Protein chains: 2
Amino acid sequence: MKILLVEDEPKLASFIKKGLTSEGYDLTIAYDGQMGLSLAQQQPYDLLILDVNLPLLNGFELCRRVRADYPHVPIIFLTAFDSLEDKVLAFEAGADDYLVKPFAFQELLLRVRALGRRQQAAEAVRHVLSLADLELNLDAKVVTRAGQRIDLTTKEYALLEYLLLNQGRIISRVAIAEHVWDVNFDTNTNLVDVYVSYLRKKLDRGFSPKLIHTVVGMGYVMRAE
Amino acid sequence: MKILLVEDEPKLASFIKKGLTSEGYDLTIAYDGQMGLSLAQQQPYDLLILDVNLPLLNGFELCRRVRADYPHVPIIFLTAFDSLEDKVLAFEAGADDYLVKPFAFQELLLRVRALGRRQQAAEAVRHVLSLADLELNLDAKVVTRAGQRIDLTTKEYALLEYLLLNQGRIISRVAIAEHVWDVNFDTNTNLVDVYVSYLRKKLDRGFSPKLIHTVVGMGYVMRAE
DNA sequence: CTTCGACTAGCAGGATTTTCATGGGCGCGG
DNA sequence: CCGCGCCCATGAAAATCCTGCTAGTCGAAG
């Protein structure tokens, strides 16, 4: 689980990092609010631990800005004062939890675990996407159908991953083009169609049930039926 | 938002109930662990607030048993002692938060709001129009009736979406033509009628009650009756 | 009671749009 | 150079869309 810690006291920061790392978490430290914001916007973290008093950008403001991009990411605040007013501010800014310094490391660990548990369920299925007897392993980037390995090219894989992430949802060609090819204009080509065709040949031909379905006028959808 | 409070001190219980009710929450009180478990199993609550020391079944055990049925329901513990050991037990049992008595009501309210926000967010991304047992998922562009998927063409879907957005209202053919076909003149055709007919065949034929109704001389209306 | 007109339901098939599969060009790395 | 992955273009095939038509309903007028 990827955690971002934003804390300007180097000693406390490295103490926390050591502790959580040894518990198997993947933790990055930012030493001021700007750095924290920049990191948080670059990639999604599973959990944010924010000091309230930070140089350049305080924790509350940072929290608000991050929440604009990632409304669901769990956030824990660390603060030096145990004032109700601060708590109100923290929760209003969108905090999920709140710890007053000094705290026992065990305390922090409990909070991290509690918030992590939320993600866990989603995380567990995030390593392997599956639909009927089709499996896509996100780590190994290996795809199998009925236990049989299927070799895909880079683009084919990217397309399949996107479609499987949205299984059951009808996805438009434009949405596919944006996510798989990073084009946000109408290319006026049948690129998407061609790759769906490739995928069908490899995934559906010779297997049952068919998993890739066309919805005329709307796009494509993956479902077992 | 439906909350279940399990607390054996009547005075504290009614204090909490009064406070949260005035904040617009729908709160039920259970006075012992058994009663709490029985209620929690009967219907899903959006949030559980559990005292740790309860007659018949203690809070930790209650938490575990409820989590077996509802793994994601947020749970807040109330306890009389501020011991780290208790916190460990609470979080291991699956708690999301923890309050030590006595606490300011404001404190509890903050926690309730923070945990409620979670649910809300999950709810908000579920863009669903519904009428009786008919559901239209705007995100996935999938329509179901009585749990059974119904495949619609683009125009049929657009028409249904418009009608459902205006459910209960009588919509004229002209208004439909404008919104679904982007024509703002009288085309002198029975296009709308034809598509309503298509929808009826797919949505209403074989189901009850009928949802699409004709209002002679005025247009169409969707309602359950 | 009958007729008439206004209105609606639903079908059928040709017109139109959308999708599929294939062949081939291009560029890159072995 | 060769093979492979990537992308474009084309025509055939399929699905959808729309028009025109018939049949049916209902109420009011004769």
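So that the names make sense, note that chain A is the first sequence line, chain B the second, and so on, each numbered from 1. Please read these numbers as outputs of a predicted model, since none were measured by experiment.
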Mind calculating the distance between [atom1] ([X]) and [atom2] ([N]) to the nearest angstrom?
X: His213(A); N: dT18(C); atom1: NE2; atom2: C1'; value: 19 Å
X: Tyr195(B); N: dC18(D); atom1: OH; atom2: P; value: 5 Å
X: Tyr220(A); N: dT18(C); atom1: OH; atom2: P; value: 13 Å

Under 4.0 angstrom between Trp181(A) side-chain N/O and dC6(D) OP1 or OP2: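 For Trp181(A), the contact criterion (side-chain N or O under 4.0 Å from OP1 or OP2 of dC6(D)) is not met.
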
Report the nucleotide, chosen from [options], that has the shortest atom-to-atom distance to any side-chain atom of [X].
X: Asp193(B); options: dT8(C), dC18(D), dC6(D); result: dT8(C)
X: Asn190(A); options: dC6(D), dT8(C), dT10(D); result: dT10(D)
X: Val194(B); options: dC8(D), dG20(D), dC17(D); result: dG20(D)
X: Tyr198(A); options: dA9(C), dC7(D), dC17(D); result: dC7(D)
X: Val216(B); options: dA9(D), dC6(D), dC7(C); result: dC7(C)

Plane angle bin for Phe77(B) and Phe60(B) - parallel if under 30°, tilted between 30 and 60°, otherwise perpendicular: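 The arrangement is perpendicular - the two ring planes meet at more than 60°.
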
Exercise: do Thr189(B) and Arg173(B) side chains pair donor with acceptor under 3.5 Å: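 Side-chain D/A pair, Thr189(B) to Arg173(B): absent.
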
Heavy-atom neighbours of Glu225(A) CD exceed 12 at 6.0 Å: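 Check passes, neighbour count above 12.
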
Check against side chain to side chain contact (heavy atoms under 4.5 Å, CB included), Arg223(A) and Arg149(B): CA-CA 12 Å; Arg223(A) 63 163 74 105; Arg149(B) 201 183 74 241; 3.0 Å; yes

